[in-house]
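To start, the structure itself, in structure tokens.
Within every chain, numbering begins at 1; the chains are lettered A, B, ... in the order of the sequence lines, protein sequences first and strands thereafter. Since the structure is predicted, the reported quantities are computational estimates derived from the model, not experimental observations.
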There are 2 protein chains.
Amino acid sequence: MTIVHPGEVSRALSHLPGDTDIANIAAVFDALGDVTRVHIALALLHVELCVCDLAAVVGISQSGVSHQLRILRDLRIVSYRRDGKRAVYRLIDDHVREVLMLGLAHTLESQEN
Amino acid sequence: MTIVHPGEVSRALSHLPGDTDIANIAAVFDALGDVTRVHIALALLHVELCVCDLAAVVGISQSGVSHQLRILRDLRIVSYRRDGKRAVYRLIDDHVREVLMLGLAHTLESQEN
DNA sequence: TGAACGTATGAGCATTCGTTCAGATGAAAC
DNA sequence: GTTTCATCTGAACGAATGCTCATACGTTCA
């Protein structure tokens, strides 16, 4: 396998993040790349919700939601506060909100053809 | 499993896209949620590249790149033009570029703590 | 303290995914 | 036509994923 356009290749390489950064970016998108997890994230776009309410919204077990929330927490997509026995989750910042809305916009656009 | 905050739940539900839309949004993020595919997409941020040059950049076989490009094509993340025997790929629009850069920004921010 | 409730975690299983290998398709040059 | 080269596709296999079940943790209230 040979390089056909060395100039373009080195231009591409020069703007490319390091392997660790690429892996982290992939991890963030992967976290949102699952129906259950985007469902959770979209549900949190405008309100905070506790785990059992999230389970009701997305329609899987409380345990399943908790497992997915761990992934979203680890990737700094959601955060939570304790309210007595409850854990109330929210999106971590407007940055995440923006990504979600771009994703939504992208799929709505794609439907037009 | 019971609903604890009916008001918040219905607020969440009222802003939620339909199941099909949610699945499509998840599919788009999932497409970018793989190291190889996001590597490809990031390589295309500023240049067009043919398949074999992409293989050189991301470091897997040309066949593997082609398989992943199919997924990115199907989800309207990349498009391509033919140049003789070659297929030259590019990001489909600035929308996608914006999503990628938000993802990059998010991971760079997360590193600060 | 002990019971009750919401949440988190670990194991196990079915399913999905990404890769390579081998071969097919299609375009250009002879 | 045939050869060559770049790309695409299908099969197959190991690795990773998401769910449920059962159980543990931690907080509240009696």
Distance, rounded to the nearest Å, where A/R81 contributes CZ and C/dG6 contributes P: 16 Å

Length of the line joining B/R70:CZ and D/dA11:P, which is rounded to integer Å: 13 Å

Separation of atom CD in A/E48 from atom C1' in C/dT7, rounded to whole Å: 17 Å

Solution key, residues 22-34 of chain B side-chain donor-acceptor pairs under 3.5 Å, sequence neighbours excluded:
from	atom 1	to	atom 2	distance (Å)
B/N24	ND2	B/T20	O	3.4
B/D34	OD2	B/T36	N	3.1
B/D34	OD2	B/R37	N	3.1

Phosphate OP1/OP2 of D/dA6: any B/Y89 side-chain N/O under 4.0 Å: no

Between A/Y89 and A/R81: side-chain donor-acceptor atoms closer than 3.5 Å: no

Helical bend (five base pairs per end, nearest 10°) for the helix from C/dT1-D/dA30 to C/dC30-D/dG1: 30°

B/L54 CG - D/dC8 P separation (whole Å): 10 Å

Touch class at under 4.0 angstrom, heavy-atom based, for A/Y80 against every strand present: nothing

Atom-pair distance (CG on A/D53; C1' on C/dT7), nearest Å: 13 Å

Interatomic distance, B/R86 CZ vs C/dA28 P [rounded to whole Å]: 11 Å

pair A/V51-A/R86: side-chain heavy atoms closer than 4.5 Å: no

Interatomic distance where CG belongs to A/D83 and P belongs to C/dG6 [whole Å]: 12 Å

Distance under 6.0 Å and angle within 45° of ring axis: B/R73 vs B/Y80: yes

Whole-Å gap separating C1' (C/dA27) and NZ (B/K85): 7 Å

Heavy-atom check, side chain of B/P6 versus side chain of B/V9, under 4.5 Å: no

Main-chain N/O of A/H5 paired with B/D53 side-chain donor or acceptor, under 3.5 Å: yes

Side chains of A/E109 and B/H95, donor plus acceptor under 3.5 Å: yes

Heavy-atom donor-acceptor pair, B/Q62 side-chain to D/dA6 base, under 3.5 Å: no

Polar-atom pairs under 3.5 Å, protein N or O versus N or O of nucleotides 13-20 of chain C: list them with distances, or write none.
from	atom 1	to	atom 2	distance (Å)
C/dG18	OP1	B/R37	NH1	3.1
C/dG18	OP1	B/R37	NH2	2.7
C/dG18	OP2	B/R37	NH1	3.1
C/dT19	OP1	B/T36	OG1	2.3
C/dT19	OP2	B/Q68	NE2	2.9
C/dT20	OP2	B/S61	N	3.4
C/dT20	OP2	B/S61	OG	2.9
C/dT20	O4	B/H67	NE2	3.4

Ion pair B/D74/B/R70, N-O distance below 4.0 Å: yes

A/L69 and A/V65, any side-chain heavy atoms less than 4.5 Å apart: yes

